[in-house]
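Okay, so here's the structure we're looking at.
Reminder, nothing fancy here: chain letters follow the sequence lines and each chain counts from 1.
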Protein chains: 2
Amino acid sequence: MTSPGESGTSIQRPAKRRRAATIVDVARMAGVSQATASRALNGSARKVKQENVARVLEAAQQLNYVPNASAQSTRRGDRSTIALIISEVTDPYFSWIAEGVIERAELEGMHVTVSVTKREASRELELIRLFRSQRSRAIIIAGSPRGSGEVASEIRAELEAYEADGGRAVDISESGMPFDAVELGNRRGARALAQSLLGLGYLRFAVIAGPDERGAAEDRVLGFREGLAAADIELAPSQVLRGAFSWEGGHTVASEMNASLIEQTEVVFAVNDMMALGALAALRSRGVAVPADVALAGYDDVAPLRDTVPALTSVRIPLKQVGAQAVELGLSERGARTAVRSVESSVQLRASTPARH
Amino acid sequence: MTSPGESGTSIQRPAKRRRAATIVDVARMAGVSQATASRALNGSARKVKQENVARVLEAAQQLNYVPNASAQSTRRGDRSTIALIISEVTDPYFSWIAEGVIERAELEGMHVTVSVTKREASRELELIRLFRSQRSRAIIIAGSPRGSGEVASEIRAELEAYEADGGRAVDISESGMPFDAVELGNRRGARALAQSLLGLGYLRFAVIAGPDERGAAEDRVLGFREGLAAADIELAPSQVLRGAFSWEGGHTVASEMNASLIEQTEVVFAVNDMMALGALAALRSRGVAVPADVALAGYDDVAPLRDTVPALTSVRIPLKQVGAQAVELGLSERGARTAVRSVESSVQLRASTPARH
DNA sequence: CTGTTAGCGCGTTCAG
DNA sequence: CTGAACGCGCTAACAG
């Protein structure tokens with residue numbers, strides 16, 4: 001909160017009109033009717049005399065005319081923007097999905113508006129309502145925190161209403177909601193990771209999981225459990241630590257992790273890379289060497305985080321592709337049943353989980 | 001590109017009406033006039049009988065009514081959303097600014113729509129036009145690539161037109177454009193970094209800069225030069241390497257960096273952290289040890305990138321605060337002159353630049 | 001307190 | 001090919 005601070009050397013600003021030019025102004029200036037102006041500006045079916053087109057375009061240029069998007073879509077019933085709802089902008093998991101969504105949408109000539117829930121279901125509900133009211137073409141939701149509470153069913157109802165009005169909801173997750181979805185294969189990926197780690201000779205595990213048992217991230221815990229079960233290994237409750245889905249979350253969990261638990265653990269699996277990195281930092285500052293004292297694996301395999309030291313074992317998800325597929329679903333014709341796309345993930349073994357002798 | 005893939009077990013979707021309910025539907029159902037319905041829904045000045053309010057709300061609920069945002073703003077001339085234009089979503093520099101913008105905007109009850117230029121000026125122009133047409137309350141631009149070309153002046157004209165129509169443009173950078181701005185102190189910060197490095201005993205420098213001499217990042221090169229000049233050290237052209245503003249950019253530059261140049265260099269300054277990390281990875285794979293063989297510094301001090309090994313020296317900018325201030329400017333009354341806010345940055349010396357002997 | 005009427009800015013019939 | 005007139009969904013005047 002700095003003070004207003006008007007810089008002394010700053011530039012004078014030209015003061016002009018206050019109201020934006022409308023198509024009527026353009027028409028008047030061009031000396032044609034408003035209808036003709038409209039036709040000239042957005043090549044309608046009807047033809048307009050070349051000369052008039054030129055005059056209108058000239059006038060528009062002159063007046064710096066831009067159509068009023070609200071009025072336009074009021075009239076046309078437009079649905080020309082895609083809404084993307086994510087939990088957190090600064091989390092690379094979400095920003096890579098966003099990248100994919102934006103790129104693919106642009107290819108289709110659509111614009112994307114990104115908004116953030118901060119993992120609050122109430123905010124998600126509010127946003128869905130907003131986009132419904134804005135007549136967005138599709139609403140893509142990545143990482144909804146909704147479990148089964150009060151708000152959760154309101155959200156579902158809102159999305160159903162949105163679809164009833166002709167919108168398209170696309171879920172990025174594992175959820176069995178009645179909407180189209182892009183599945184990340186979290187469960188399968190985590191199972192594969194567990195098996196890979198077993199293959200490397202690890203036998204004693206701990207998991208750094210999300211704050212509660214809701215959401216798609218929990219599928220990673222589940223899958224990991226299943227993978228271990230194949231070797232008759234179970235995860236005791238004390239071996240599943242919970243924290244926020246962030247660097248800080250992983251850091252906190254690892255900082256507070258019981259020393260004897262660390263002692264007994266050969267490898268820690270954090271359900272996403274950010275948490276893994278937080279844990280890595282915390283372990284390091286506790287004097288616990290990774291991977292010498294304890295190995296570490298993450299999930300998502302987010303690009304710039306790959307080259308930590310030691311390099312982090314993770315499960316790669318083609319996040320950009322996930323975003324792109326969500327757009328494709330959102331733009332496709334809606335069938336009678338929900339459509340599901342899924343992507344392949346792959347275990348990336350690196351230095352943070354060396355083979356155990 | 002996966003095939004449509006309709007999952008067999010997927011859920012049946014309820015098919016309903018196709019047109020969204022309007023306020024007329026609500027009014028009819030409640031048995032009141034459309035005007036009363038409007039008043040009941042958004043508590044206007046006039047009072048409405050309690051019973052009617054209840055009937056209207058009930059009907060709205062029943063019909064799953066949501067106001068048509070376009071029609072609403074067509075009528076009210078609304079300006080209730082803030083537009084944020086950034087270069088890249090996946091770059092933490094921008095996503096942290098976005099975080100600040102979104103949080104602060106939410107405090108003011110405004111929504112933010114984020115969009116991305118991919119550093120293409122033409123795309124920036126298109127977006128500004130879009131937001132002008134959408135009557136956004138303010139347009140906040142972070143990291144505009146605009147230099148002085150053809151598009152650059154079009155962009156400027158577009159922004160001026162936008163302001164003439166009552167919008168507010170806010171620039172996040174160092175630019176001397178006639179718009180309000182949040183200054184990052186790039187030049188000052190880079191100068192301070194140079195001086196700190198000199199203080200540590202470094203005498204031979206190289207810089208990894210942006211792809212060209214446009215934009216705010218170039219101020220960092222300039223400031224760095226100024227800092228060195230104080231010790232009578234100049235940066236030869238061969239000591240300024242240019243690459244893309246990304247991990248890949250830094251990686252490429254460092255990969256292709258002349259071996260003898262590395263030999264002669266004591267410390268490399270990359271104009272942002274992402275590039276620094278890319279360079280770090282490249283150097284490492286070339287067998288050049290950091291900081292033993294060459295030291296390394298970045299800029300921005302972006303959060304989750306701090307705990308690399310070695311920890312990266314950088315210049316911290318309070319990015320969230322920058323975003324917040326941009327919102328404050330965008331929402332403030334416009335004065336006759338452009339307003340400028342500035343934030344303090346601070347050099348963070350870490351293991352990647354140890355003191356020399 | 002309410003209903004009727006008049007626009008907001010635009011695209012689009014329907015006559016010329 | 002063009003203009004006059006209408007209506008999208010909504011809010012805000014104006015009369016009751």
Fill in: Sidechain N-carboxylate O distance under 4.0 Å for A:Glu126, A:Arg129
no
Worksheet item: Which residue lies toward the 5' end of DNA chain C, B:Val32 or A:Val24, if each is placed at its nearest nucleotide?
Response: B:Val32
Worksheet item: Residues two or more places apart in sequence or in another chain: which of them pass side-chain contact (heavy atoms from CB on, under 4.5 Å) with A:Arg137?
Response: A:Arg79, A:Met110, A:Leu331
Quick test: give all pairs of protein nitrogen or oxygen and nucleotides 5-7 of chain D nitrogen or oxygen below 3.5 Å, distance rounded to 0.1 Å.
residue : atom : partner : partner atom : Å
D:dG7   : N2   : A:Arg75 : NH1          : 3.2

Discussion item. Is A:Ser38 close enough to C:dG11 that one of its side-chain N or O atoms is under 4.0 Å from OP1 or OP2 there?
Written reply: yes
Discussion item. Rounded to whole Å, how long is the line connecting atom CZ of A:Arg135 with atom C1' of D:dG9?
Written reply: 9 Å
Discussion item. Please enumerate all residues that pass side-chain contact (heavy atoms from CB on, under 4.5 Å) together with A:Ser136, with sequence neighbours excluded.
Written reply: A:Thr81, A:Ala83, A:Phe131, A:Gln134, A:Tyr162
Discussion item. Taking side-chain hydrogen bond (donor to acceptor under 3.5 Å, both in side chains) as the definition, give me every residue that meets it alongside A:Ser332, ordered by chain and number, with sequence neighbours left out.
Written reply: A:Arg168
Worksheet item: How close or far is atom C1' of D:dC10 from atom CG of A:Asn68, stated in whole angstroms?
Response: 13 Å
Worksheet item: Hey, does the side chain of B:Ser33 come within less than 4.0 Å of C:dG3's phosphate (OP1/OP2), counting only N and O?
Response: yes
Item to complete: Please assess B:Leu107 against B:Val327 for the test side chain to side chain contact (heavy atoms under 4.5 Å, CB included), listing each intermediate value before the final yes or no.
Response: CA-CA 10 Å; B:Leu107 246 52; B:Val327 171; over 6 Å; no
Worksheet item: Looking at residues at least two apart in the chain, or sitting in another chain, which of them share a side-chain hydrogen bond (donor to acceptor under 3.5 Å, both in side chains) with A:Asp25?
Response: A:Arg19, A:Arg28
Worksheet item: Between B:Tyr65 and D:dC10, is there a side-chain N or O to OP1/OP2 distance below 4.0 Å?
Response: yes
Worksheet item: Of B:Gln50 and B:Arg76, whose nearest nucleotide on DNA chain C comes first from the 5' end?
Response: B:Gln50
Practice prompt. Choose from D:dT2, C:dG11, D:dT11 the nucleotide whose nearest atom is closest to any side-chain atom of A:Lys49.
Written response: D:dT2
Worksheet item: Separation of B:Asp78 atom CG from D:dG9 atom C1', in whole Å?
Response: 14 Å
Worksheet item: Can you list the residues that meet the side-chain hydrogen bond (donor to acceptor under 3.5 Å, both in side chains) rule with A:Arg76, with sequence neighbours excluded?
Response: none
Item to complete: Could you tell me the separation between the CZ atom of B:Arg55 and the P atom of C:dC1, rounded to a whole number of Å?
Response: 17 Å
Worksheet item: Between C:dG11 and A:Asn42, is there an OP1 or OP2 to side-chain N/O distance shorter than 4.0 Å?
Response: yes
Worksheet entry | Runs of at least three consecutive pairs that involve DNA chain D, where pairs are Watson-Crick or G-U with distances under 3.5 Å | C:1-3 with D:14-16, C:5-16 with D:1-12
Discussion item. Just verifying a value: how many Å separate A:Arg132 CZ and B:Asn68 CG, rounded to the nearest 0.5 Å?
Written reply: 11.5 Å
Discussion item. Rounding to an integer number of Å, can you tell me how far B:Asp25 CG sits from D:dG9 P?
Written reply: 9 Å
Worksheet item: Between atom CG in B:Leu41 and atom C1' in C:dT2, what is the gap in whole Å?
Response: 15 Å
Worksheet item: So what does B:Thr22 touch, heavy atoms closer than 4.0 Å: a base, only the sugar-phosphate, or nothing?
Response: sugar-phosphate
Discussion item. Can you measure B:Arg28 atom CZ to C:dG3 atom P for me and round it to whole angstrom units?
Written reply: 14 Å
Worksheet, complete the sentence: Those residues at least two apart in sequence (or on a different chain) that pass side-chain hydrogen bond (donor to acceptor under 3.5 Å, both in side chains) with B:Glu108 are B:Arg104
Item to complete: May I have all residue pairs that pass side-chain hydrogen bond (donor to acceptor under 3.5 Å, both in side chains) and include part of residues 112-122 of chain B, sequence neighbours excluded?
Response: A:Glu99-B:Lys118, A:Glu103-B:Lys118, B:Glu88-B:Lys118
Practice prompt. Tell me which nucleotide among C:dC10, D:dG9, C:dT2 gets nearest to the side chain of A:Gln72.
Written response: C:dC10
Worksheet entry | Minimum-distance nucleotide to B:Arg39 side chain [options: C:dG3, C:dG9, D:dT11] | C:dG3
Worksheet item: Tell me: CD of A:Gln134 to P of D:dC8, nearest whole Å?
Response: 22 Å
